Protein chains: 2
Amino acid sequence: MAKSKSVTIADVARLAEVSMGTVSRVVNRDPTVRPVTRKAVMAAVDRLGYRPNFNARNLRLRQTQTIGLLMGNLTQALVPLAIRGIERALRPHGYALIISDGASDEDVEQEALSTLLDRRVDGILWMPHIRRSAAEARVTPGAPPVVFFGQASPSESVPTAMVEESAALEEMARDLLALGHTELSYIGVGPAAHGRLRRLHPILNELGMACPPNRQLLLSRDEDTYEAVARLLHADPRPTALLFGPHGLVPSALRAIRDAGLQLPRDLSLVAFGETDWAEVLNPSLSVIGVDYLTHAQDAAGMLLRHIDGDDDAPRVIRHRSEYIRRESAGPAPALQA
Amino acid sequence: MAKSKSVTIADVARLAEVSMGTVSRVVNRDPTVRPVTRKAVMAAVDRLGYRPNFNARNLRLRQTQTIGLLMGNLTQALVPLAIRGIERALRPHGYALIISDGASDEDVEQEALSTLLDRRVDGILWMPHIRRSAAEARVTPGAPPVVFFGQASPSESVPTAMVEESAALEEMARDLLALGHTELSYIGVGPAAHGRLRRLHPILNELGMACPPNRQLLLSRDEDTYEAVARLLHADPRPTALLFGPHGLVPSALRAIRDAGLQLPRDLSLVAFGETDWAEVLNPSLSVIGVDYLTHAQDAAGMLLRHIDGDDDAPRVIRHRSEYIRRESAGPAPALQA
DNA sequence: ATGAAAGCGCTAACAT
DNA sequence: ATGTTAGCGCTTTCAT
């Protein structure tokens with residue numbers, strides 16, 4: 001490691017012929033320094049190209065001005081937007097963002113959390129891949145504030161930014177019902193899929209739609225999508241409507257559908273979680289349940305910041321709505337057409 | 001800021017009835033400590049829930065075990081993959097990743113760089129949005145090692161991980177030529193677009209294809225795509241083949257094409273930089289010039305690590321190939337069909 | 001208004 | 001094999 005001996009506050013003090021304390025005061029805009037000395041110090045700062053060492057400062061102050069982003073699965077389309085949103089919330093407060101990937105693996109996610117903790121981040125924004133209860137168990141007293149985000153239900157113990165999906169889900173269900181669909185298959189990935197299915201169930205029931213357990217697909221890996229969907233399409237009777245977990249599964253699913261010789265929406269209707277620019281230009285265009293992840297992540301970061309500041313009035317739950325956007329991929333159920 | 005008084009090495013030392021030095025040695029796996037004392041220290045560590053303070057340690061060691069990722073524009077589809085690749089390279093070495101977004105804005109990018117520098121990252125992985133010369137000027141001696149990545153040409157002064165596009169570009173050009181296209185319009189965004197156009201030009205010339213300057217679109221913002229493409233489609237004669245900068249522009253472009261009443265590939269051929277899962281399921285499927293950004297970023301990070309280690313044999317340029325993948329969106333030029 | 005000095009939590013000589 | 005101690009670069013009382 002190249003330890004470039006950077007210029008320190010002592011160097012500046014020496015050159016400006018003042019004490020280190022004074023330099024510190026100048027750098028931190030303490031108003032009690034005389035303009036003259038301020039000028040002198042500034043001159044020395046410029047001359048030496050001095051940059052305060054954030055880490056030394058933070059050691060002294062016992063904080064890091066850094067928040068950690070822990071993504072259970074970093075390879076998701078929403079990530080760039082989420083990061084941008086978070087940065088937007090953080091920048092005005094001078095916080096930096098350190099990012100950690102759980103790689104959809106329980107052990108890695110655990111280790112990623114440890115990394116963040118070791119570095120003494122001031123707070124953590126966490127979109128867990130592991131089971132929620134497991135995640136909750138990890139946030140212990142003594143640890144820095146944690147905020148879950150991207151969740152579909154509030155957590156008892158951890159402040160949560162959640163995406164309210166029931167309304168959109170119900171709207172979708174009504175729409176599909178009106179189109180003659182009497183059941184729906186959900187295809188999701190990871191532990192979160194279970195929860196979503198659990199929430200979907202009563203909504204469908206309420207409307208008199210079926211949600212047959214044997215026609216739901218709870219995958220553990222994205223890669224299994226093609227095969228699993230292909231298999232599902234050979235069931236008898238064939239499902240008429242499919243709902244996909246994150247939309248990242250959709251391309252594989254579309255290939256499976258095409259390879260099975262089926263056409264959307266004639267033979268099958270399809271809806272996916274997550275809006276994307278591609279949805280509208282697909283042929284047929286893709287119906288989605290959309291979420292503004294930039295705002296979501298930004299607000300989650302804002303909430304975390306308030307908790308870090310020890311603001312006891314900071315909300316423990318915030319909700320963002322999602323929205324059903326009907327496009328061409330949802331159409332009349334095949335039976336009706338016959 | 002809640003400064004939870006964490007347990008320090010001194011606490012452990014006291015409990016274990018050894019000196020701080022010994023605790024440090026145990027924690028850092030110094031083999032010279034007697035097993036007995038090691039055991040005792042470990043016990044104390046567990047009992048107190050001691051976690052070494054990475055920042056204090058790093059201050060002392062004059063390094064941060066952190067590298068910075070500076071993305072000129074973070075809202076790009078390649079970002080999740082790139083991050084995962086980088087993490088993959090970093091994790092075994094215990095480095096953390098701090099991420100900074102330039103938001104496609106010169107000032108923001110500059111500021112983002114400063115953030116990284118202030119935090120004394122050990123090295124920086126930079127995919128600039130600003131002009132390359134400007135970026136080069138920013139990496140001064142005394143600053144930590146920097147590696148550019150995602151570049152299309154090597155830098156004289158800064159180690160660079162580059163994506164070799166000429167071969168794929170030429171392959172594409174030959175393909176289009178064989179299909180009867182005699183010219184190509186490039187639509188790109190940001191400063192990088194200029195460079196790409198400059199490289200494209202001779203390749204087309206060589207093959208006898210035209211690259212009329214007035215039919216190239218160098219946008220400054222993604223948002224301008226729809227309008228610009230729409231305008232381009234009204235030119236006379238209409239372009240027969242379009243090449244798109246990052247594929248993020250494609251959805252807007254497809255809308256413009258559709259709204260102009262044109263069809264791919266009958267009226268127009270289209271190729272985009274960047275492979276995506278959506279390309280294959282689009283209708284018609286999308287021809288692309290694909291790059292393995294995970295590997296690219298991973299290798300870039302590997303190169304940076306070697307430079308950080310002061311390895312003088314570390315390469316200053318590494319190249320990754322890109323690959324032309326012809327799909328349905330590239331077809332015979334309209335004139336030939338008539 | 002400024003200087004002197006203690007100390008944030010840790011490591012690495014240097015002793016013993 | 002382990003203890004002691006001097007810093008890493010900074011902020012902040014406490015004096016003056």
Side-chain angles (χ1 to χ4, degrees), chain A residues 1-42 44-45 48-66 94 117-122, chain B residues 1-42 44-45 48-66 94 117-122:
Chain A
M1 171 48 227
K3 33 192 85 172
S4 53
K5 44 183 82 288
S6 54
V7 7
T8 79
I9 219 172
D11 301 322
V12 177
R14 204 171 309 120
L15 181 60
E17 296 181 299
V18 296
S19 75
M20 292 171 42
T22 300
V23 175
S24 174
R25 283 182 268 256
V26 168
V27 170
N28 296 300
R29 312 197 146 58
D30 183 322
T32 75
V33 294
R34 251 186 330 169
V36 221
T37 39
R38 162 182 308 285
K39 230 115 282 175
V41 171
M42 287 308 246
V45 165
L48 297 174
Y50 167 74
R51 315 195 59 133
N53 184 323
F54 226 86
N55 297 313
R57 170 169 210 275
N58 287 340
L59 175 60
R60 174 66 229 242
L61 264 25
R62 300 149 131 245
Q63 42 119 356
T64 54
Q65 289 279 74
T66 301
L117 259 18
D118 286 345
R119 302 200 172 240
R120 298 295 198 272
V121 293
D122 293 338
Chain B
M1 173 46 228
K3 30 192 88 173
S4 54
K5 42 184 82 286
S6 56
V7 5
T8 80
I9 219 173
D11 300 324
V12 178
R14 203 170 311 121
L15 181 61
E17 295 179 300
V18 296
S19 76
M20 290 171 45
T22 300
V23 176
S24 174
R25 283 183 269 258
V26 169
V27 171
N28 295 300
R29 311 196 147 56
D30 183 321
T32 75
V33 295
R34 249 185 333 169
V36 222
T37 40
R38 163 183 309 286
K39 229 116 284 172
V41 171
M42 288 307 247
V45 164
L48 297 173
Y50 167 75
R51 316 196 58 134
N53 183 323
F54 227 87
N55 298 312
R57 170 170 212 276
N58 288 339
L59 175 61
R60 176 62 229 242
L61 264 26
R62 300 150 130 247
Q63 41 116 350
T64 54
Q65 289 280 74
T66 302
L117 260 18
D118 286 344
R119 300 197 175 242
R120 297 295 195 274
V121 293
D122 294 338

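Residue numbering restarts at 1 for every chain, and letters A, B, ... go by the order of the sequence lines. Here the structure is a predicted model, which means the values were calculated and not measured. These numbers come from the heavy atoms of this one structure, side chains and all, not from hydrogens, waters or symmetry mates.
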Measure the distance from [atom1] on [X] to [atom2] on [N] and round it to the nearest whole Å.
X	N	atom1	atom2	answer
B:E17	D:dG3	CD	C1'	14 Å
B:R51	C:dC10	CZ	P	12 Å
A:R14	C:dA4	CZ	P	13 Å
B:R119	D:dC8	CZ	P	23 Å
B:N55	D:dG9	CG	C1'	13 Å
B:D30	D:dA1	CG	P	9 Å
A:L59	D:dG9	CG	P	12 Å
A:R120	C:dC8	CZ	P	14 Å

Q: Flag the pair B:N58 / A:N55 as yes when at least one side-chain heavy-atom distance between them is below 4.5 Å, and no otherwise.
A: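 Side chain of B:N58 against side chain of A:N55, heavy atoms only: no contact under 4.5 Å found.
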Please confirm whether the shortest side-chain N or O distance from [X] to OP1 or OP2 of [N] is below 4.0 Å.
X	N	result
B:R62	D:dG9	yes
A:T8	D:dG9	no
B:T37	D:dA1	no

Q.
Would A:R119 and A:T66 count as a side chain to side chain contact (heavy atoms under 4.5 Å, CB included) here? Give the steps.
A. CA-CA 9 Å; A:R119 302 200 172 240; A:T66 301; over 6 Å; no
Nearest heavy atoms of [X] and [Y], plus distance in Å:
X	Y	result
A:A40	A:A16	O-CB, 4.1 Å
B:T64	B:R120	OG1-O, 2.9 Å
B:A56	A:L59	CB-CD1, 3.7 Å
B:R51	A:L117	NH1-CD2, 4.0 Å

Q: Can you spot which of B:V18, B:V41, B:V27 makes a side chain to side chain contact (heavy atoms under 4.5 Å, CB included) with B:V12?
A: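 So, applying the side chain to side chain contact (heavy atoms under 4.5 Å, CB included) to B:V12 and each of B:V18, B:V41, B:V27, only B:V41 qualifies.
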Q.
Each nucleotide in nucleotides 11-16 of chain D should get exactly one letter: B, S or -. Can you fill that in based on protein heavy atoms under 4.0 Å?
A. BBB---
